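Presented below is the structure to which this report refers.
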Amino acid sequence: MSDKILVAYATKAGSTAEVAEAVGQELRDAGAEVEVQPAKEVKDLSPYKAVIVGSAIRMGKWVPEATSFVEKNREALSQVPVAYFVVCMTMKDDTEENHRTVEAYLDPVCEIVEPLDKGLFAGTINYSKLSFPARTMSKAMKVSEGDFRDWEAIGAWARQVHSRLTRG
Ligand SMILES: Cc1cc2nc3c(=O)[nH]c(=O)nc-3n(C[C@H](O)[C@H](O)[C@H](O)COP(=O)(O)O)c2cc1C
């Protein structure tokens, strides 16, 4: 039985990939053997004893390839400890109401496989990294640019998840 943890992610503009790498590095620092991969490239879950799945949010939803990863691997994921994280702009202001909104983004995947833990993180908007339609939409919605990722919070969550995922 393998001792590896998988961090699978889906991103549109790159910020979630960096969050996934940071989570992976924190787990390695805690002594785990970790692979960090785009969700769409993962072929087989048998090498992993636990799986973390993270996605950017677009229009209130996980990026489709992250959701289909959970759907496709429903059976394998129900056999191992699982945690989810989201990276989005709503978490820029960490209010109770925003927490509820962002928790609700995870409802569709929680209905497929219930996670042991959920990480809710603020993300990044960089117009130069967006496709033309996404940039146009963000400008129309007056979304301000900036990197709001809280690396301390991301690291703390990864350490907490490491102990929860490896406990049982
Ligand atoms: C077109 C578009 C739609 C977005 N929709 C939401 C949303 O519904 N809720 C939210 O909190 N953040 C939303 N965001 C913010 C992204 O989730 C955030 O920028 C995140 O860091 C993107 O991750 P990525 O760089 O990995 O793609 C949106 C961003 C874009 C560009």
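Keep in mind it's a predicted model, so treat the numbers as computed, not measured.
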Do [X] and [Y] have side-chain heavy atoms sitting under 4.5 Å apart?
| X | Y | result |
| --- | --- | --- |
| Ile52 | Val23 | yes |
| Leu106 | Val86 | yes |
| Ile5 | Val51 | no |

Practice problem: Indicate the atoms forming the closest heavy-atom contact of Ile154 with Ala22, along with that distance. | Solution: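 For Ile154 and Ala22, the tightest heavy-atom pair comes out as CG2-CB, 4.3 Å.
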
Exercise. Search all heavy atoms of Phe69 against all heavy atoms of Leu6 and return the closest pair with its distance.
Key: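 Shortest heavy-atom contact: CZ-CD2, 4.2 Å.
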
Quiz prompt | Glu33/Arg28 ion pair, N-O < 4.0 Å | solution =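 Salt bridge absent between Glu33 and Arg28.
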
Exercise. Kindly indicate whether a cation-pi arrangement holds for Lys139 with Tyr127, taking the cut-offs as under 6.0 Å to the six-membered ring centre and within 45° of the axis.
Key: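 Flagged: Lys139 positioned over aromatic ring of Tyr127.
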
Exercise. May I ask you to check if Lys92 and Phe148 form a cation-pi contact, with NZ or CZ under 6.0 angstrom from the six-membered ring centre and within 45° of the axis?
Key: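 Yes; both conditions hold, so Lys92 lies above the ring face of Phe148.
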
Self-check item: Any side-chain donor near an acceptor of the partner, Thr95 and Asp93, under 3.5 Å
Solution: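 Thr95 vs Asp93: no donor-acceptor pair found between side chains.
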
Quiz prompt | Side-chain donor-acceptor contact under 3.5 Å, Asn126 with Thr124 | solution =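 Asn126 vs Thr124: no donor-acceptor pair found between side chains.
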
Practice problem: Report the relative orientation of the aromatic rings in Phe85 and Phe121; use parallel for angles under 30°, tilted for 30 to 60°, perpendicular for over 60°. | Solution: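 If you compare the ring of Phe85 with that of Phe121, the planes turn out tilted.
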
Exercise. Can you establish whether the number of heavy atoms outside Lys118 located under 6.0 Å from its atom NZ is more than 12?
Key: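 Yes - once you tally the heavy atoms of other residues, nucleotides and ligands closer than 6.0 Å, there are more than 12.
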
Self-check item: Residue list, side chain to side chain donor-acceptor pair (under 3.5 Å) with Arg135, at least two apart or on another chain
Solution: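 Counting only residues at least two positions away or on another chain, Arg135 forms no side chain to side chain donor-acceptor pair (under 3.5 Å).
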
